[in-house]
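Structure first, commentary second.
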Amino acid sequence: MTNPKRFLRRNLFMLKGRYARRGYDWWWHSFTGVNAITGEEKAFFIEYFAINPGLYPTKVVLGQRSDNQTYGIRPSYVMIKAGAWGEDAVQINNFYPAKELVNKRNKLDFQIGSCILSEHTISGAVSVDKEEALRYPECMTDAGSMSWNLQVNKKIPYCVGYGTSWFFRFFHFFQMYWHAQGVKTEYSGKVTLNGSVYNVLPESCYGYADKNWGVDFTNPWVWLSSCDVTSLITGKKLENSCFELGGGTPRVLGIPVKGKVLTYLKLEDEEFEFNFSKFWKKSSTRYTFFDEGDEVHWTISTQNRNYLIDINVFCHKKDMIKVKYENPNGQKLHENLWNGGNGRGDIKIFKKIGSKNLEVYEHLSIGHVGCEYGEYEEK
């Protein structure tokens with residue numbers, strides 16, 4: 001499962017055929033850097049995003065503009081979103097016409113403006129001044145500037161299985177697809193945020209890289225991930241370990257399948273997977289999200305034939321953003337999508353003994369957790 005080269009085709013640009021006129025595709029990167037002067041940690045994210053590139057390839061069309069909302073004109077652009085979490089959390093969006101995108105067909109080689117994306121390198125810059133951010137709310141952006149130049153080494157992938165195979169992609173079975181080519185990713189290089197320089201080091205970046213594509217976003221929207229893993233039983237830092245969880249309510253051929261979450265845990269040389277689409281493994285999951293005043297809290301309990309895992313993650317609201325997207329229909333439905341990179345929590349693993357007994361197998365502390373939750377009321 002962990003051969004990094006095995007799943008590379010799932011990481012390619014997917015907006016072809018009807019997806020080019022009604023679809024989105026994005027590559028997400030998150031990691032931690034260290035201030036070159038103060039030594040302070042800062043968690044960052046960078047996203048390369050395309051939506052409906054075949055609709056209006058020669059211009060940027062923003063679906064949130066009031067006149068476009070009035071006449072039902074759908075969005076079409078390439079967006080670079082970058083920013084940071086923490087008390088001065090920020091998300092900065094720059095937009096380009098889709099025609100300016102240079103992308104090779106058979107490998108991840110994406111370039112627009114000064115921004116470059118490949119399997120082994122990401123670089124670029126975004127900038128928005130305060131007046132622009134206030135004048136153009138349809139850009140869904142804060143003011144600020146950020147640049148980056150990073151080498152990327154994706155160490156541990158997670159493929160959800162046949163649901164992202166060629167057959168299911170070709171016939172558009174799912175509303176939203178997800179592939180994590182780097183649940184554990186080592187980044188190295190520099191980031192400059194609003195004039196402050198941060199060094200990003202492989203051994204302390206706690207990096208992550210994935211992609212999503214499809215025709216709309218899941219509701220609810222759930223994501224948790226960490227490669228900062230320590231055994232609370234032995235006290236040992238686990239260097240070849242990571243945790244990943246994602247899902248909500250997938251739609252299969254337009255039919256919602258509620259309460260479905262995928263969980264993957266790599267624990268040194270062992271792998272644990274709880275995947276509802278692999279029905280023969282008899283996995284089941286329950287999850288809850290709590291808004292608890294100054295922080296938010298995820299609880300997950302998942303099991304299969306052999307193991308039960310309980311997960312708790314917390315994140316302070318002051319360290320998070322409410323990340324902003326519009327879907328290919330031009331709707332901004334997720335108005336309350338919490339997104340953070342400074343979560344912390346624990347994972348308890350129990351081994352099933354017989355039909356009724358559980359034995360403690362491992363207890364893990366997880367830090368630098370990427371975390372997300374959003375839900376809206378469907379009409």
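Index from 1, following the sequence. Excluded from the calculations below are hydrogen atoms, water molecules and symmetry mates; all remaining heavy atoms, backbone and side chain alike, are included.
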Next on the checklist: Less than 3.5 Å apart, any donor N or O on the side chain of Glu268 or Asn240 sitting next to an acceptor on the other?
Outcome noted: no
Item to check | ring-ring contact (aromatic ring centres under 6.0 Å, His included) partner of Trp213, chosen from Tyr177, Phe13, Tyr24, Tyr19 | outcome: Tyr177
Next on the checklist: Asn52 vs Tyr77, test: side chain to side chain contact (heavy atoms under 4.5 Å, CB included). Steps then yes/no.
Outcome noted: CA-CA 7 Å; Asn52 298 342; Tyr77 51 76; over 6 Å; no
Item to check | Steps toward side chain to side chain contact (heavy atoms under 4.5 Å, CB included) verdict (Arg74, Leu55) | outcome: CA-CA 8 Å; Arg74 297 188 286 118; Leu55 275 183; 3.6 Å; yes
Checklist outcome for this item: salt bridge (Lys or Arg N to Asp or Glu O under 4.0 Å) filter on Lys318, not counting sequence neighbours, yields Glu87
Checklist entry - Is the side chain of Asn339 donor-acceptor paired with the backbone N or O of Glu372 at a distance under 3.5 Å, no angle test? => result no
Item to check | Check against side chain to side chain contact (heavy atoms under 4.5 Å, CB included), Arg286 and Thr299 | outcome: CA-CA 8 Å; Arg286 292 181 289 109; Thr299 66; over 6 Å; no
Checklist entry - Partners of Ser66 by side chain to side chain contact (heavy atoms under 4.5 Å, CB included), sequence neighbours excluded? => result none
Checklist entry - side chain to side chain contact (heavy atoms under 4.5 Å, CB included) with Arg344: which residues, sequence neighbours excluded? => result Glu295, Phe314, His316
Checklist entry - How far apart are the C-alpha atoms of Lys322 and Asn336, what are their side-chain angles, what is the distance that settles it, and do they pass the side chain to side chain donor-acceptor pair (under 3.5 Å) test? => result CA-CA 6 Å; Lys322 289 189 178 179; Asn336 201 32; 2.5 Å; yes
Item to check | Distance-only donor-acceptor check, side chains Glu359 and Tyr361, under 3.5 Å | outcome: no
Checklist entry - Of all residues at least two apart in sequence or in a different chain, which pass the salt bridge (Lys or Arg N to Asp or Glu O under 4.0 Å) check with Arg65? => result Asp67
Checklist entry - Ser76 side chain to Tyr56 main-chain N or O, any donor-acceptor pair under 3.5 Å? => result yes
Checklist entry - Does any donor atom in the side chain of Trp178 or Asp210 lie under 3.5 Å from an acceptor atom in the other side chain? => result yes
Checklist entry - Closest heavy-atom contact between Ile349 and Leu265? => result CD1-CD2, 3.4 Å
Item to check | Candidate list Tyr208, Phe289, Trp298, test ring-ring contact (aromatic ring centres under 6.0 Å, His included), partner Trp223, passing option | outcome: Tyr208
Item to check | Residues that Lys317 engages under side chain to side chain donor-acceptor pair (under 3.5 Å), provided they are two or more places apart | outcome: Asp291
Checklist entry - Do you reckon Ile311 sits in the same ILVMFWY cluster as Val369, going by side-chain contacts under 4.5 Å, direct or chained? => result yes
Item to check | Student check: side-chain heavy atoms of Tyr187 and Phe44 closer than 4.5 Å | outcome: no
Checklist entry - Does a side-chain heavy-atom distance below 4.5 Å link Phe274 with Val261? => result no
Checklist entry - Who passes side chain to side chain contact (heavy atoms under 4.5 Å, CB included) against Thr70, sequence neighbours left out? => result none
Checklist entry - What heavy-atom pair brings Leu15 and Pro53 nearest, and what distance separates the two atoms? => result CD1-CD, 3.5 Å
Checklist entry - What pairs of residues pass the side-chain hydrogen bond (donor to acceptor under 3.5 Å, both in side chains) test when at least one of them lies in residues 41-50, not counting sequence neighbours? => result Trp26-Glu47, Glu41-His368, Lys42-Asp88, Glu47-Tyr325, Tyr48-Trp148
Checklist entry - Got a sec, which hydrophobics cluster with Leu333, joining ILVMFWY side chains under 4.5 Å apart, including via others? => result Tyr376
Checklist outcome for this item: For residues 95-112, the side-chain hydrogen bond (donor to acceptor under 3.5 Å, both in side chains) pairs (sequence neighbours left out) are none
Next on the checklist: Quick one about Ser225 and Glu244 (side-chain donor to acceptor, distance below 3.5 Å, no hydrogens or angles considered), yes or no?
Outcome noted: yes
Checklist entry - Which residues satisfy the side chain to side chain contact (heavy atoms under 4.5 Å, CB included) test with Asn11, sequence neighbours excluded? => result Trp27, Leu108, Glu119, Lys154, His179, Gln181, Lys211
Checklist entry - Between Thr302 and Thr285, do the side chains contain an N or O donor and an N or O acceptor separated by less than 3.5 Å? => result yes
Item to check | Transitive ILVMFWY side-chain link Tyr136 to Phe95, under 4.5 Å | outcome: no
Next on the checklist: Please find the pair of heavy atoms, one from Pro75 and one from Ile51, that lie closest to each other, and give the distance.
Outcome noted: CG-CD1, 3.9 Å
Next on the checklist: Which heavy atom of Tyr198 sits nearest to which heavy atom of Asn35, and what is that distance?
Outcome noted: CD2-N, 3.3 Å
Next on the checklist: Ignoring hydrogens, what is the shortest heavy-atom contact between Gly54 and Arg21? Give both atom names and the distance.
Outcome noted: O-NH1, 3.4 Å
Next on the checklist: Does Cys242 form a side chain to side chain contact (heavy atoms under 4.5 Å, CB included) with Tyr264? I'd like the steps, not just the answer.
Outcome noted: CA-CA 8 Å; Cys242 59; Tyr264 171 69; 4.3 Å; yes
Checklist entry - What's the spacing between Leu364 CG and Ile347 CD1 if we round to 0.5 Å? => result 5.5 Å
Next on the checklist: For a side chain to side chain donor-acceptor pair (under 3.5 Å) check, start with the C-alpha distance between Gln91 and Lys324, then their side-chain angles and the critical distance, and finish with the verdict.
Outcome noted: CA-CA 9 Å; Gln91 58 183 316; Lys324 300 172 183 177; over 6 Å; no
Next on the checklist: Counting only heavy atoms not in Glu131 (residues, nucleotides, ligands), do more than 12 fall under 6.0 Å from its CD?
Outcome noted: no
Checklist entry - Cluster question for you: counting only ILVMFWY and a side-chain heavy-atom cut-off of under 4.5 Å, with indirect links fine, are Phe217 and Met79 together? => result yes
Checklist entry - Just wondering, more than 12 heavy atoms not from Ile37 lying within 6.0 Å of its CD1? => result no
Checklist entry - Of all residues at least two apart in sequence or in a different chain, which pass the salt bridge (Lys or Arg N to Asp or Glu O under 4.0 Å) check with Asp310? => result none
Item to check | More than 12 heavy atoms from other groups under 6.0 Å of NZ on Lys236 | outcome: no
Checklist entry - Which residues satisfy the side chain to side chain donor-acceptor pair (under 3.5 Å) test with Lys190, sequence neighbours excluded? => result Asn199
Checklist entry - Between Lys81 and Asn93, is a side chain to side chain donor-acceptor pair (under 3.5 Å) present by the stated rule, with each step listed? => result CA-CA 5 Å; Lys81 178 190 289 287; Asn93 298 336; 3.2 Å; yes
